[in-house]
Amino acid sequence: METLKCDILVVGAGPAGASAARAAAMTGLDVLMVERRDRVGVPVQCAEFIPAPLLGEVDPAPGVVVQSVAGMRTILPSGATHLMRSPGRMIRRDLFDQALARAAEKEGARLLVSTRVLRMEGGEVVAREKGASHETRIAAGAIVGADGPHSTVGRWIGSENRHLIQAAQWRVALAAPMEVTEVYFHQDFYGGYGWLFPAGREANVGVGRKRRGASDEAIGRVLERFVLRLAEAGKVLPKPIGTTGGWIPAEPVRRMTRGHVLLAGDAAGHAHPVTGAGVSQAVIGGRMAGKWAARAVKAGDPGLVGAYEEEWRESFGEVQERAYGRRKLLEEGWDRLETAVKASWIAFRQYYA
Ligand SMILES: Cc1cc2nc3c(=O)[nH]c(=O)nc-3n(C[C@H](O)[C@H](O)[C@H](O)COP(=O)(O)OP(=O)(O)OC[C@H]3O[C@@H](n4cnc5c(N)ncnc54)[C@H](O)[C@@H]3O)c2cc1C
């Protein structure tokens with residue numbers, strides 16, 4: 001079996017992995033990114049909203065920004081609405097992710113696509129390229145697990161996501177352009193919400209909800225009903241141009257390192273536990289993980305990866321813990337949803353109390 005050697009192995013080339021790889025490669029180390037998809041960022045599994053300041057953190061490639069967003073309108077179960085100013089951008093996530101991966105390659109990181117990391121064996125990582133008859137071993141000084149919500153690397157260190165939100169989304173035509181995103185709370189979307197995010201003449205319409213059990217209605221049907229309601233309100237055309245979905249972590253802060261392994265982005269459960277947004281945390285936290293992985297390898301001291309966890313907790317710990325607490329309020333108060341939303345959704349003052 002062939003063995004590849006590198007200083008730092010990054011599993012997954014999403015925003016967290018590419019940002020980690022870039023930060024580590026900038027220190028001159030040999031960095032290898034391994035991505036199971038054939039093309040980075042494809043298929044898109046995202047509603048494609050990012051807060052405006054994030055663009056200042058990355059090098060926005062041409063075509064990434066689809067439109068500006070001035071704020072977010074929350075629609076409560078009673079129909080009451082609340083508008084919050086929160087400037088953001090709707091982006092093309094495929095181009096965004098590809099630009100981040102290219103930036104890492106420009107710093108010298110290598111990228112292997114169509115290759116899935118399978119397991120850890122005798123201190124080495126085992127991966128297999130799509131269609132290959134043989135497996136490849138990878139020996140690395142440090143490993144960054146940036147492999148998303150169902151992280152294989154997280155399993156190796158006993159730190160997995162346990163609170164996942166299921167999401168489904170249609171791309172639809174928009175009846176008229178919109179300058180704000182819309183978020184809908186409804187009994188159908190337990191522990192989550194429905195969204196209508198404008199993207200020029202089209203929009204991403206989706207539903208995120210926590211699973212309660214086998215008797216749950218299929219999320220596809222919940223989404224279809226939501227789209228029909230939006231169509232009746234004259235906002236969208238009820239025909240999917242494209243469909244996607246996925247899983248979003250809604251986790252309390254938990255361990256993100258062990259030995260020479262670090263987790264970043266969704267693999268570490270770093271999406272916001274109430275909104276489900278995770279691109280910013282993936283980019284910024286991924287960069288931190290890459291920086292500390294590189295320092296640990298350079299110093300020959302795996303213990304240094306613990307400093308990543310400390311820095312992350314300082315930057316994001318409080319926000320994440322508060323959001324997880326608000327999520328619990330939302331779920332516990334679901335029978336009185338209007339009141340629960342006012343106590344637990346980011347648009348309302350009580351959220352920050
Ligand atoms: C429907 C939906 C809508 C969302 N909308 C928004 C939004 O509007 N705004 C926002 O900020 N966030 C949103 N999110 C969350 C956001 O997409 C994630 O937080 C973000 O993608 C996290 O980045 P990441 O790099 O950690 O993980 P990912 O983007 O999931 O990247 C992980 C990468 O690892 C690869 N991988 C996985 N396993 C392996 C393996 N074994 N071997 C090799 N490669 C592997 C995957 O192919 C993938 O490319 C949404 C999520 C969903 C599901």
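Just follow the structure's listing: the first ligand is 1, and inside any ligand the first atom is 1.
Looking at atom 14 (N) of ligand 1, its nearest protein heavy atom turns out to be Gly276 O, 3.8 Å. In terms of protein heavy-atom proximity, atom 49 (O) of ligand 1 is nearest to Glu35 OE1, 2.7 Å. Among protein heavy atoms, the minimum distance from atom 37 (C) of ligand 1 is reached at Asp147 O, 3.2 Å. Scanning the protein heavy atoms around atom 12 (N) of ligand 1, the nearest turns out to be Gly278 N, 3.1 Å. Atom 43 (C) of ligand 1 has Arg36 N, 3.4 Å as its closest protein atom, hydrogens excluded (heavy atom only). Nearest protein neighbour of atom 34 (O) of ligand 1, counting heavy atoms only, is Gly12 CA, 3.2 Å. Counting protein heavy atoms only, atom 6 (C) of ligand 1 is closest to Cys46 SG, 3.3 Å. If you check which protein heavy atom lies closest to atom 25 (O) of ligand 1, you get Ala16 N, 2.9 Å.
Contacts between Val117 and ligand 1, counted as non-hydrogen atom pairs separated by less than 4.0 Å, involve both the backbone and the side chain. Looking at Gln45 against ligand 1, only its backbone comes within 4.0 Å, counting heavy atoms. Contacts of Ala167 with ligand 1, taken as heavy-atom pairs under 4.0 Å, involve the side chain alone. Residue contacts with ligand 1, taken as heavy atom pairs separated by less than 4.0 Å, involve Ala146 solely via the backbone atoms N, CA, C and O. By the criterion of a heavy-atom distance under 4.0 Å, the backbone of Thr115, and not its side chain, is placed next to ligand 1. Residue contacts with ligand 1, taken as heavy atom pairs separated by less than 4.0 Å, involve Ile248 solely via side-chain atoms from C-beta onward.
No donor-acceptor pair closer than 3.5 Å links the side chain of Asp266 to the backbone N or O of Gly278. Of the possible donor and acceptor atoms, one in the side chain of Arg255 sits under 3.5 Å from a partner among the backbone N and O of Ile157. Between the side chain of Arg89 and the backbone N or O of Leu54 there is no donor-acceptor pair closer than 3.5 Å. Within the 3.5 Å criterion, the main-chain N or O of Lys291 finds no donor-acceptor partner in the side chain of Tyr308.
Hydrophobic clustering places Leu111 together with Ile8 (ILVMFWY residues linked when any side-chain heavy atoms are closer than 4.5 Å, directly or through intermediates). Connection of Met72 to Leu76 is established within a shared hydrophobic cluster, with ILVMFWY side chains joined at heavy-atom distances below 4.5 Å, either directly or through further cluster members.
For Arg93, the closest heavy-atom approach to ligand 1 falls below 4.0 Å. In this structure, Thr152 counts as a contact residue of ligand 1, since one of its heavy atoms falls inside 4.0 Å of the ligand. Residue contacts with ligand 1 leave out Gly206, since none of its heavy atoms falls under 4.0 Å from the ligand.
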**OP:** Any chance you could lay out the side chain to side chain contact (heavy atoms under 4.5 Å, CB included) test for Met84 and Thr74, step after step, and finish with the verdict?
**Re:** CA-CA 8 Å; Met84 178 172 107; Thr74 301; over 6 Å; no

Original post:
Going through the distances and angles, do Thr257 and Trp312 end up as a side chain to side chain contact (heavy atoms under 4.5 Å, CB included)?
Top reply: CA-CA 11 Å; Thr257 60; Trp312 190 91; over 6 Å; no

**OP:** Go through Arg171 and Glu48 one step at a time and tell me if the side chain to side chain contact (heavy atoms under 4.5 Å, CB included) criterion holds.
**Re:** CA-CA 11 Å; Arg171 182 80 167 190; Glu48 302 183 295; 3.4 Å; yes

Original post:
Under the side chain to side chain contact (heavy atoms under 4.5 Å, CB included) criterion, do Val31 and Leu9 qualify, and how do the steps go?
Top reply: CA-CA 6 Å; Val31 179; Leu9 169 66; over 6 Å; no

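Annotation: the span from Lys5 atom NZ to Glu124 atom CD amounts to 7.0 Å, rounded to 0.5 Å. Atom CZ of Arg102 sits about 11.0 Å away from atom CG of Asp97, to the nearest 0.5 Å.
Close approach to Val34 involves these atoms of ligand 1, each under 4.0 Å from a residue heavy atom: 43 (C), 44 (N). Using a 4.0 Å cut-off to heavy atoms of Gly148, the atoms of ligand 1 that qualify are 27 (O), 30 (O), 32 (C). Under a 4.0 Å criterion applied to the non-hydrogen atoms of Arg116, ligand 1 contributes the atoms 41 (N), 42 (N).
Among the atoms of Trp247, none of the N or O lies under 3.5 angstrom from an N or O of ligand 1. Checked against a 3.5 angstrom limit, the closest N/O atoms of Ser280 and ligand 1 fall outside it. Geometrically, ligand 1 and Val279 share a nitrogen or oxygen pair separated by less than 3.5 Å. At least one N/O-N/O distance between Asp266 and ligand 1 falls below 3.5 Å. Ligand 1 has a nitrogen or oxygen under 3.5 angstrom from a nitrogen or oxygen of Phe49. The shortest N or O to N or O distance between Pro149 and ligand 1 is not under 3.5 Å. At a 3.5 angstrom cut-off on N or O pairs, Phe197 does not count as close to ligand 1. Ligand 1 has no nitrogen or oxygen under 3.5 angstrom from a nitrogen or oxygen of Gln169. Among the atoms of Asp97, none of the N or O lies under 3.5 angstrom from an N or O of ligand 1.
The closest non-hydrogen atom to atom 4 (C) of ligand 1, taken over Ala47, Ser19, Gly265, comes from Ala47.
The one candidate from Met288, His272, Glu321 that meets the side-chain contact (heavy atoms from CB on, under 4.5 Å) condition with Phe316 is Met288. Each of Tyr184, Tyr351, Phe185 was scored for a ring pair (Phe, Tyr, Trp, His ring centres under 6.0 Å) with Trp345, with one residue passing: Phe185.
Residues Gly200 and Leu174 approach most closely at O-CD2, 3.6 Å, considering heavy atoms.
For His163 and Tyr324, the ring centers sit closer than 6.0 Å to each other.
Ring pair Trp195/Tyr193 is perpendicular by interplanar angle, where above 60° counts as perpendicular and below 30° as parallel.
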